[in-house]
Amino acid sequence: MTYDPCAGRRARGISRYRHRRSRTMAAAALMTAVLTSCSSTPQFCTSPVISAPAVAAAASSPALGTKTDWSRLGVMKQYLQSLGGGVTFYEVAWCDVEKQPGLLDWSNPDTVINQAQSVGFTTMIKIRVGQCNWITGKPPKYLRGKQQKTESSMPKDLHAYTTFVKQVVQRYSGQGVKEYAVENEVNSASFWDGTPEEYSRLVTVAARAIHNVDPQVKVVDGGISSTASGYGVAERLLQLGRTQTAIDSYNQYFSRRIGTRGEQIVSVDNEVQLRHALDSEQGKRNLEFLKATNHLVAAHVVDVRQVHFYEDWSALPALLDYLDAVTPAGTPLEMWELGSFLGTSQLSEAQRNADLVKAIAIALSVGVSKVIWLPLNVDPASGDDRLYGLLSARGTMQAASVAFAALSHAARGGTPVAIKDSGIVGLAFDKGSHSTAFIWSDCAPVPVSLPSGSRIGTPGTTGTTRREHTVVGTDPVQMELPMPAERFLRTLP
């Protein structure tokens, strides 16, 4: 199924979706990223144009949050408190907590969870093995960041591993931790020094231990990296016989990566080049671990599927389409890592702000129940300014932090409603007799009549009451509406 982004301007009401649909009912409606442009008014169209309807059920009120370096809480505390709560995660590595057999030091995770609670944040935990001789029998190959994090590998003693996992859950479930992921981005050798089969076995052992301690908590997979998922998207399209779409989708998905990693990620012009990329050493590893994760989800070894995404927002619907195809109906999707990899892109603050709003709105509109933006701000010591933080390196507010706060406040206590009608796309949150909508045009500018008493402006900075028409373009706007979103949809041209 392809989607003409201009069709909504020619036929009213062809794509109106409620958010709370089951995956089974709406799977047929989910569309692959669109890689065509409007023939009628291409100057107004995002290139390539995409838009995705709602496809999965989620919690009535999705949760937003952010990942930060809690040792720098002081410069960010005011902003985090202003959000009024949220979700975050923290890695607990066995080799860090128990550096010597029987001597456990919980001070770091204790501190982080307490700090998160102090600003209203709920923590989820990633349980990792790490790399140390007494647990894995190997020295580390990789040391990352100032905390010198290592890769993980299979423990020598799975009984001892089971004991550690149980200790983690026993300690932190009573402190509000209700979700536990096993490892992180195992498709990368810098995170997992083992086979897909070993990873699957480890998750199975951990899941059993977690549920034995607390049957009510959720087990989450480790999350496949954003780039690895792009390989899965392209491979599936090839398997469906959609070769040109696979080629275009691959180039679109990696539009900000191509040229930033030497020869690892390159543009492709034909099927031979695409298959060569998928058959590369890293490509094969990515696909193998994707398949392992798909199996863990399909077999219900894990309760929740974790999603990571750092690409251009326009590639997100293609990923969500892929996930819909390989994930059983009813499986919650949670985006523990959403961010913006800038690569060599020179984006203005307005463009970065638009990227953030569109990515979050698209994710929530298809049923993703949790979204964590990463990072809150870029650590000045890291020197990596390719990821876009909500706050500046010094912790000061910028456009995206204002927009993120607006989305977070709107989501809290609101019922999500996907908007896709008459060329307008986005997301609204119903709260009784009023709603807050974040919308944009997926093609040509669309004239919209504002209901009396509405307010409109850039996300986070809605303006004064207006009673006339406005024109919605490709930059998102925030509308405060004195009516439920479905009623607003009926007012569209």
Side-chain angles (χ1 to χ4, degrees), residues 19 30-31 33-34 46 48-56 58 62-67 86-87 223 225-227 229-230 233 249 252-257 306-324 333-343 345 347-376 386-390 398-408 410-411 416 418-420 425-429 437-442 458-460 474-478:
H19 177 77
L30 181 63
M31 56 194 67
V34 176
T46 306
V49 181
I50 59 88
S51 185
V55 298
L64 273 64
T66 184
K67 181 71 167 64
V87 289
S225 75
S226 178
T227 52
S229 294
V233 170
S249 181
Q252 176 191 0
Y253 195 97
F254 294 118
S255 61
R256 293 184 183 175
R257 302 277 183 175
Q306 183 182 162
V307 184
H308 297 182
F309 183 79
Y310 290 93
E311 315 312 318
D312 187 288
W313 70 271
S314 65
L316 182 54
L319 172 57
L320 294 169
D321 190 17
Y322 167 79
L323 293 173
D324 184 78
L333 297 181
E334 296 181 353
M335 195 164 279
W336 284 33
E337 296 190 25
L338 174 63
S340 180
F341 178 84
L342 301 176
S345 302
L347 302 182
S348 67
E349 285 295 306
Q351 289 172 315
R352 295 179 179 187
N353 184 58
D355 276 9
L356 177 144
V357 173
K358 290 180 178 181
I360 293 176
I362 289 170
L364 297 182
S365 73
V366 300
V368 174
S369 57
K370 291 184 176 68
V371 171
I372 299 175
W373 186 269
L374 194 155
L376 175 58
R386 295 179 300 173
L387 291 179
Y388 181 44
L390 298 179
Q398 47 195 12
S401 57
V402 176
F404 184 85
L407 283 158
S408 181
I419 294 177
K420 186 177 184 302
V425 293
L427 181 69
F429 299 96
F438 299 85
I439 62 174
W440 63 93
S441 168
D442 59 1
T458 57
T474 55
D475 288 334
V477 296
Q478 179 181 344

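Quantities reported herein were computed from a predicted structural model and do not represent experimental measurements.
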Which atoms form the tightest heavy-atom contact between Asp312 and Arg256, and what is the distance? OD2-NH2, 3.1 Å
From CG (Leu407) to CG (Leu427), nearest 0.5 Å: 8.0 Å
Please round to the nearest 0.5 Å and tell me the distance separating atom CG of Leu333 and atom CD of Gln306. 11.0 Å
List the atom of Ala400, the atom of Asn353, and the distance in Å for their closest heavy-atom pair. CA-OD1, 3.5 Å
If we only count heavy atoms from C-beta on, is the Pro317 to Ile362 side-chain gap below 4.5 Å? yes
Taking the side chain as every heavy atom from C-beta outward, state whether Gln252 and Val233 have any atom pair closer than 4.5 Å. no
At their closest point, which heavy atom of Val371 faces which heavy atom of Ala363, and how far apart are they? CG2-CB, 4.3 Å
Just so I know, are the side chains of Val425 and Trp440 near enough to count as touching, which here means a heavy-atom distance under 4.5 Å? yes
Roughly how far, to the nearest 0.5 Å, is the CZ atom of Phe309 from the CG atom of Leu316? 4.5 Å
Report yes or no: does Ser340 contribute a side-chain atom to a donor-acceptor pair with the main-chain N or O of Tyr388 at less than 3.5 Å? no
Work out which heavy atom in Pro62 is nearest to a heavy atom in Phe429; give both atom names and the distance. CG-CE2, 4.0 Å
How close do Ser369 and Glu334 get, heavy atom to heavy atom, and via which atoms? OG-CG, 3.5 Å
Measuring from Asp324:CG to Leu319:CG, what's the distance to the nearest 0.5 Å? 11.0 Å
Donor-acceptor pair, side chain of Lys358 and main chain of Thr474, under 3.5 angstrom: yes
Mind checking whether Val307 and Leu320 have side chains closer than 4.5 Å, heavy atoms only? no
Under the side chain to side chain donor-acceptor pair (under 3.5 Å) rule, collect the residues that match up with Trp373, sequence neighbours excluded. none
Report yes if some heavy atom in the side chain of Leu64 is under 4.5 Å from a heavy atom in the side chain of Leu364; otherwise report no. yes
Report the residues that fulfil side chain to side chain donor-acceptor pair (under 3.5 Å) with Gln478, sequence neighbours left out, ordered by chain and then residue number. Glu480
Would you call Lys67-Glu337 a salt bridge at under 4.0 Å N-O? no
Residues Asp475 and Ala354: closest non-hydrogen pair is OD1-CB, 4.3 Å
Rounded distance (nearest 0.5 Å) linking atom CD1 of Ile372 with atom CG of Leu338: 10.0 Å
Do the side chains of Phe438 and Pro459 get nearer than 4.5 Å, heavy atoms only? yes
How long is the gap from OG on Ser229 to OH on Tyr322, to the nearest 0.5 Å? 7.0 Å
Can you find a heavy atom in the side chain of Thr227 that is under 4.5 Å from one in the side chain of Glu311? yes
